[in-house]
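Down below is the structure, laid out as C-alpha cells.
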Amino acid sequence: MTKSSIQVSHTIADIRNAIAQYKAEGKRIILVPTMGNLHEGHLELTRMARETNDVVVTSIFVNPLQFGAGEDFASYPRTLESDVAKLQSADVEMVFAPNVAELYPFEQRFTVSPNPDLSTILDGEFRPGHFEGVCTVVLKLLNITQPDAAVFGQKDYQQLMILKRMVQQFAMPTEIISAPIVRAADGLALSSRNGYLTDNERKQAPLLNQVLQGVVEDIANGLPISQAEKLALDKLTQAHWVPDYVMVRRQADLLAPVAHKKQRLVVLGAAKLGKTRLIDNIEIEGLT
Ligand code: PAF
C-alpha cells in the first residue's frame, strides 16, 4: 500500500479546513507543537501521538514571543523541508507551518500571563517573559487546531507544568500528554540547540546530566540539598560552564522542598557551555 502524502498547511484557514474534514469523519486530533529542526526527541513525541490512533498534527513555528533580547531567535535553525520529510516517515498526517505574519498579523497585545510563582523562577528568572510567550503561542495553536490532546516533552519540565496549569485554569478541552526525555547514548538530552555545540563542546555536554545525576546520588547518600546543589554548581563552574541554576524542587509545584517532610523531588539545571544554553532535569524516584 502506498503511503498517503503528508498535508502541509501554512495558513490558519487551510489547517482549520483540513482538521474540520477529519472531525466531520468523527476523528480525534492530537497536536505536537514544535519549533522545527526535528530530532529523535521530537519524533518520540510524534510516535506517542501516533500510538493514540488520533490524527496527528505537528506544528512548526519559531515563536518570536518566547525569545528574549540577545537570544537565538534569528539564528534558530529553520529546516522545514527535512522536517516535513521526517514527519512523513513518522506517519504524521498534517503539518501546520505558519510564518510570523500569519500567526501574528498585528502586534500581539493580548497575552497569557502565567502565575509568576511558577513562571519567574528557574528558567523564568533567567529568561524573563519566556513563559508568557510560550503560553501565548500554545493557546493560539490550541485555538487554531482545537485538538483533543497535545504532547509536550519533559525536557522542558517547567514549560510542561505551566502549560498543564494553563489548560486547567482556562478550562480548555485538550488533554496534555507528557513525553519522557530522549537522550543520546552519553546521556545528553536531545535538543535542537545541541546543534550549536562545537565538536569539542559536544564531548563535554553530557556533564550537565552527570552533575544532575550527582545531585540525585548525593541526596540519596544523605547530603543536605543545599550542599548537593552547591557542589553541582561548583563542578560546572570548574569545568568552565556558566551555570544559571541547579535546583532541587518539588515535582508537584516546583517550589522548594519543605524541611522534614517526605515529598517527590526533581533536580533541574540550566547552564551555558560556550554560547549554548542547555537545560536538563531528573525526577528523583520515590519520596525523599
Ligand atoms: O517546546 C517548544 O518547542 C516550544 O516552546 C513550543 C511548545 C513549541 C512553543 O513554541
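Each ligand, and each atom within it, is numbered from 1 in the order the structure gives. For clarity, every value in this text was computed on a predicted model and none was experimentally measured.
Counting only distance, with no hydrogens or angles, the side chain of Gln251 and the backbone of Arg264 share no donor-acceptor pair below 3.5 Å.
Contact detail for Ala149 and Arg28: the closest heavy-atom pair is CB-NH2, 4.2 Å.
For the pairing with Val56, the side-chain contact (heavy atoms from CB on, under 4.5 Å) check across Val151, Val32, Asp91 returns one residue only, Val32. Evaluated for a side-chain contact (heavy atoms from CB on, under 4.5 Å) with Met161, the options Arg165, Lys164, Gln159 yield exactly one hit, Arg165. A side-chain contact (heavy atoms from CB on, under 4.5 Å) with Thr174 holds for exactly one of Ile30, Leu163, Leu142; it is Leu142.
Below 4.0 Å from some heavy atom of Gln66 lie the following atoms of ligand 1, by number and element: 4 (C), 5 (O), 9 (C), 10 (O). For ligand 1, the atoms lying closer than 4.0 Å to a non-hydrogen atom of Val137 are 9 (C), 10 (O).
The protein atom (non-hydrogen) at minimum distance from atom 3 (O) of ligand 1 is Met35 CG, 3.7 Å.
For atom 5 (O) of ligand 1, the choice among Gln159, Lys155, His130 with the nearest heavy atom turns out to be Gln159.
Considering backbone and side-chain atoms together, Thr34 places no N or O closer than 3.5 Å to any N or O of ligand 1.
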